[in-house]
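Okay, so here's the structure we're looking at.
All chains are named by letter (A, B, ...) in the order of the sequence lines, taking the proteins before the strands, and each is independently numbered beginning at 1. Excluded from the calculations below are hydrogen atoms, water molecules and symmetry mates; all remaining heavy atoms, backbone and side chain alike, are included.
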Number of protein chains: 2
Amino acid sequence: MTAKQRAYDSVQTKETILLHAKALFSKKGYKGVSISDICAAAGLSKGSIYHHFKNKEDLFVQLAELSFADSWKDWDSRSVRFSSATDKLYAYSELYADNVDLSLTKAGEDFMATTGADSAAFQQFGAILTDYVRRFEDIIREGIENGEFKPEEPGEMAFALLSSYSGLANNSRYLDKENVRRLFRKMTDMLLDGIRK
Amino acid sequence: MTAKQRAYDSVQTKETILLHAKALFSKKGYKGVSISDICAAAGLSKGSIYHHFKNKEDLFVQLAELSFADSWKDWDSRSVRFSSATDKLYAYSELYADNVDLSLTKAGEDFMATTGADSAAFQQFGAILTDYVRRFEDIIREGIENGEFKPEEPGEMAFALLSSYSGLANNSRYLDKENVRRLFRKMTDMLLDGIRK
DNA sequence: CTAAACATACCGAGCGTTCGGTATGTCAAT
DNA sequence: ATTGACATACCGAACGCTCGGTATGTTTAG
């Protein structure tokens, strides 16, 4: 006996929309994806999408909110396995590498360049990003406190490290998965010990 | 005595278009800038722009070609002053920092995501990028050869370093000039010596 | 019956691009 | 030196199309 089939499932539908939207945004950026594109991918009509989301900006911000939250939840469950901040950094970069094709960083930049800085959605997204850096900062701070990393301003270090990873992610778009992983590992090597002999 | 007065000056006009286009593209990305935007900024009509360029893609590729060529020319005249590859790296990062507001890297990513990989313009731009990395690679290779840097694959190192700088440039969009310079210097410190204690 | 969930049809604005037309410049023949 | 033929530079209206968004209708759940 299967459960009663329901033609309407609001929660499921919203998840479907966000799922396809994420794939599209991460591949084509914010402006590169139209609502119609999302409709076609999700197999839904515009009316349905605009029933669940106020507008395109709202859709993107909600997507970013959920994506980053999920991503950190995933991270939390993994990171406990690693005792040192150094190991955590490698694990983080590996996680990043495995999700380059579903990363919203590029779309986020696009979104911020597109959306006016006065917009509410813009500030919401800005808050998400700030929070993201702050969470990453915790790893750095941990490394500093137990003597693994140099004792410098953790906020700046977090910003710089994340910039390196996001830059690498943007430029790895046309590489195969294996190479991406190798490059992210190499990047972490570099960020830890530098290129100087 | 002024130079010969001319009602039309094709070269000047084209330069004007490219100048304003560069400022707009670097701020709003490729898709974020319309031909009308460029018209308004340059004080010209659409017809005029399409007289000088085949289409939007052509305009962007020509702009990228000239920009990168100019940028390297500028670099060549500066870099001779520095004897070590380490010094050159700092000088390069400073040059990058001073031009974040006129950088086409983000617009280039946007362009590649927008334009089909089969397009001629796409491949032209790809060639420009490849050439750019190769030129930067020369600095790395020099550093390796005279024992400043670790003897690793210079192509990969160039790719990684440039990714770090471009990522930082993308994320520095809302910072003031002084902070951007400081962050780029910090990034170079990090890339040279790492964050490990 | 009511309300939520979804579809359909449509809107005005803006997009990249085209095109007919108009200045302006060049140059050879007179 | 003037003229007429032609090329170049530029304009602005308009095209076909897509965009984000809305109004309205239909289906399903409770």
Side-chain angles (χ1 to χ4, degrees), chain A residues 2-21 24-25 28-63 107 110-116 119-122 125, chain B residues 3-21 24-25 28-63 107 110-111 113-116 119-122 125:
Chain A
T2 64
K4 188 166 115 188
Q5 281 286 349
R6 293 174 37 140
Y8 289 164
D9 187 337
S10 189
V11 178
Q12 175 82 36
T13 300
K14 200 166 176 179
E15 269 175 16
T16 303
I17 295 172
L18 291 172
L19 184 81
H20 290 96
L24 288 169
F25 279 134
K28 304 192 179 196
Y30 180 72
K31 291 212 73 166
V33 176
S34 70
I35 302 291
S36 298
D37 290 338
I38 301 174
C39 288
L44 288 164
S45 68
K46 274 195 185 183
S48 178
I49 289 196
Y50 276 93
H51 173 74
H52 291 281
F53 303 96
K54 213 179 87 215
N55 50 33
K56 193 185 179 185
E57 290 183 5
D58 176 48
L59 165 54
F60 183 78
V61 170
Q62 284 199 41
L63 173 60
D110 200 1
F111 173 79
M112 294 186 82
T114 297
T115 313
S119 155
F122 181 95
F125 186 74
Chain B
K4 189 165 78 173
Q5 279 284 352
R6 284 230 213 170
Y8 293 152
D9 187 339
S10 187
V11 178
Q12 176 82 37
T13 301
K14 201 166 174 181
E15 268 175 17
T16 303
I17 295 172
L18 290 173
L19 185 81
H20 290 96
L24 288 169
F25 279 134
K28 304 192 178 194
Y30 180 72
K31 291 211 74 165
V33 176
S34 71
I35 301 291
S36 297
D37 291 337
I38 301 174
C39 288
L44 287 164
S45 69
K46 286 192 179 184
S48 179
I49 290 196
Y50 276 90
H51 172 73
H52 290 280
F53 303 96
K54 212 179 88 214
N55 49 32
K56 194 185 179 185
E57 290 183 4
D58 176 47
L59 165 53
F60 183 77
V61 170
Q62 284 199 39
L63 172 61
D110 200 0
F111 173 80
T114 297
T115 311
S119 155
F122 181 94
F125 186 74

For B/Ile35 and C/dT17, what is the distance between atoms CD1 and C1' respectively, to the nearest whole Å?
9 Å
For D/dT8, take OP1 and OP2 only and decide whether either is under 4.0 Å from a side-chain N or O of B/His52.
no
To the nearest Å, how far apart are B/Lys54 NZ and C/dG16 C1'?
14 Å
Among C/dA5, D/dG20, C/dT17, which nucleotide has an atom closest to any side-chain atom of A/Ser10?
C/dA5
Heavy-atom donor-acceptor pair, A/Lys46 side-chain to D/dG20 base, under 3.5 Å
yes
Report the distance from atom CD of A/Gln12 to atom P of C/dC6, rounded to the nearest whole Å.
10 Å
So, OP1 or OP2 of C/dC6: does either fall under 4.0 Å of a side-chain N or O from A/His51?
no
Mind checking whether A/Val11 and A/Glu15 have side chains closer than 4.5 Å, heavy atoms only?
yes
What's A/Val11 touching, base or sugar-phosphate or nothing? Going by heavy atoms closer than 4.0 Å.
nothing
Euclidean distance, atom CG of residue B/Asp9 to atom P of D/dA9 [Å, nearest integer]:
9 Å
Name the one of A/Phe122, A/Phe53, A/Tyr30 that satisfies ring pair (Phe, Tyr, Trp, His ring centres under 6.0 Å) with A/Phe60?
A/Tyr30
Phosphate-side-chain proximity, A/Thr13 and C/dA5, N/O vs OP1/OP2 below 4.0 Å
no
Whole angstrom is fine here: how far is it from NZ in B/Lys31 over to C1' in D/dG20?
13 Å
Between D/dT18 (P) and A/Asp37 (CG): distance, integer Å
11 Å
Do B/Ser34 and B/Lys56 come close enough that some side-chain heavy atom pair is under 4.5 Å?
no
If you define the side chain from C-beta out and look only at heavy atoms, does anything of B/Ile38 sit under 4.5 Å from B/Phe25?
yes
What is the separation between atom CZ on A/Phe53 and atom C1' on C/dA4, rounded to the nearest whole Å?
16 Å
Residue A/Ser48, side-chain heavy atoms: nucleotide from C/dA7, D/dC10, C/dT17 that is nearest
C/dA7
Residue mapping more 5' on DNA chain C - nearest nucleotide basis, B/Lys56 or B/Gly47
B/Lys56
State which of D/dG12, D/dC19, C/dT8 makes the closest approach to the side chain of A/Ser45.
C/dT8
Where is the tightest heavy-atom contact between A/Glu57 and A/Ser119, given as atom of each residue plus distance?
OE1-OG, 3.3 Å
Nearest to the side chain of B/Leu44, which nucleotide is it out of D/dG20, D/dC10, C/dA7?
D/dC10
Just how far, in rounded Å, is C1' of D/dA23 from CD1 of A/Ile49?
17 Å
From C/dC15, D/dC10, D/dG20, nucleotide with atom closest to B/Ser34 side chain
C/dC15
